[in-house]
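Worksheet: one structure, shown below.
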Amino acid sequence: MISIDDLHRQNHEIGELAKVLNHLFSDREMCDTAIACELFDRYRDKFDRHVKRNKHIYSLLLSDGGADGAKTAHRFISGEKEVKKVFRDYTEKWCKNGLHIFDHNTFLSDTEDMFRLVWDRIQAESEQLYPLARRLTEGEVEQVA
């Protein structure tokens, strides 16, 4: 079982990595380092794993959450598709076989937009999704295998 508290912890780790990456990427020379690429891959992997774990919450809300739970689940599922599309577009543009920065200002703008979108998502999970799931499950959600 994975607890809602563990999901919050994961969100904190994702946010922390975004802050470090944002700082690193502001220096053009740091963008091309193996460490920056490794940290970005870690950020992306943590977010992907986290999103997969949220699917159990969606199932719970759709089956046991009533009309409000189903509405919330559908909203988060839709938002997840948007975030995944932004990640995919960003990766296709900037991350083929490592980071490829051909225009640092555009890269920074795209990066900040992506991090902001993910941060908004994290806040929404913490303030809306998890409190609703906690009320239904008393804090426990099955772990994704």
Rounded distance [0.5 Å steps], CG in L129 versus CD1 in I57: 5.0 Å

Calculate, to the nearest 0.5 Å, the distance between atoms SG and CD1 belonging to C95 and I101 respectively. 7.0 Å

Contacts of type side chain to side chain contact (heavy atoms under 4.5 Å, CB included), residue K84, not counting sequence neighbours: V51, K55, E80

Going by the rule side chain to side chain donor-acceptor pair (under 3.5 Å), which residues pair with S26 if we only count those two or more places apart in sequence or in a different chain? none

Go through R49 and Q10 one step at a time and tell me if the side chain to side chain contact (heavy atoms under 4.5 Å, CB included) criterion holds. CA-CA 9 Å; R49 283 190 309 246; Q10 290 172 355; over 6 Å; no

For D45 and R42, run side chain to side chain contact (heavy atoms under 4.5 Å, CB included): C-alpha distance rounded to whole Å, both residues' side-chain angles, the deciding distance at 0.1 Å, then the answer. CA-CA 5 Å; D45 290 344; R42 186 185 313 171; 5.8 Å; no

Is any side-chain heavy atom of H50 closer than 4.5 Å to a side-chain heavy atom of E125? yes

Considering all heavy atoms of both residues, which atom of A133 and which atom of I4 are nearest to each other, and what is their separation? CB-CD1, 4.1 Å

State, to 0.1 Å, how close W119 and G15 come at their nearest heavy-atom pair, and which atoms those are. CZ3-CA, 4.0 Å

Could you tell me which residues satisfy salt bridge (Lys or Arg N to Asp or Glu O under 4.0 Å) with D41, sequence neighbours excluded, listed by chain and number? R44

Those residues at least two apart in sequence (or on a different chain) that pass side chain to side chain contact (heavy atoms under 4.5 Å, CB included) with E82 are L117

side-chain hydrogen bond (donor to acceptor under 3.5 Å, both in side chains) pairs touching residues 27-36, sequence neighbours excluded, are R28-D32

NE2 on H23 to CG on L21, rounded to 0.5 Å: 11.0 Å

Listed partners of T106 passing side chain to side chain contact (heavy atoms under 4.5 Å, CB included), at least two apart: K93, W94, D103, D110

For R116, give me all partners under salt bridge (Lys or Arg N to Asp or Glu O under 4.0 Å), at least two apart in sequence or on another chain. D113

Taking only residues two or more places apart in sequence or in another chain, which ones pass salt bridge (Lys or Arg N to Asp or Glu O under 4.0 Å) with E16? none

Quick check: closest heavy atoms across C37 and C31, and the distance to 0.1 Å? SG-O, 4.5 Å

Taking only residues two or more places apart in sequence, or in another chain, which ones meet K85 in a side chain to side chain donor-acceptor pair (under 3.5 Å)? D89

Separation between CZ of R75 and OH of Y58, rounded to the nearest 0.5 Å: 10.5 Å

Could you tell me which residues satisfy ring pair (Phe, Tyr, Trp, His ring centres under 6.0 Å) with H12, sequence neighbours excluded, listed by chain and number? none

Which atoms form the tightest heavy-atom contact between F25 and A36, and what is the distance? CE2-CB, 3.8 Å

Roughly how far, to the nearest 0.5 Å, is the OG1 atom of T111 from the CG atom of N22? 7.5 Å

Indicate, with yes or no, if the rings of F40 and Y90 have centres closer together than 6.0 Å. yes

Side chain to side chain contact (heavy atoms under 4.5 Å, CB included) against V118, all qualifying residues, sequence neighbours excluded: I14, Y43, F47, V83, F87, I122

Give, for atom CD of Q123 and atom CD of Q128, the distance between the pair rounded to the nearest 0.5 Å. 10.0 Å

In residues 67-74, what donor-acceptor pairs under 3.5 Å come from side-chain atoms, sequence neighbours left out?
unit_1 : atom_1 : unit_2 : atom_2 : d
T72    : OG1    : D68    : O      : 2.9

Side chain to side chain, E112 and F115, heavy atoms closer than 4.5 Å: no

Any side-chain heavy atom of Y130 sitting closer than 4.5 Å to one from L7? yes

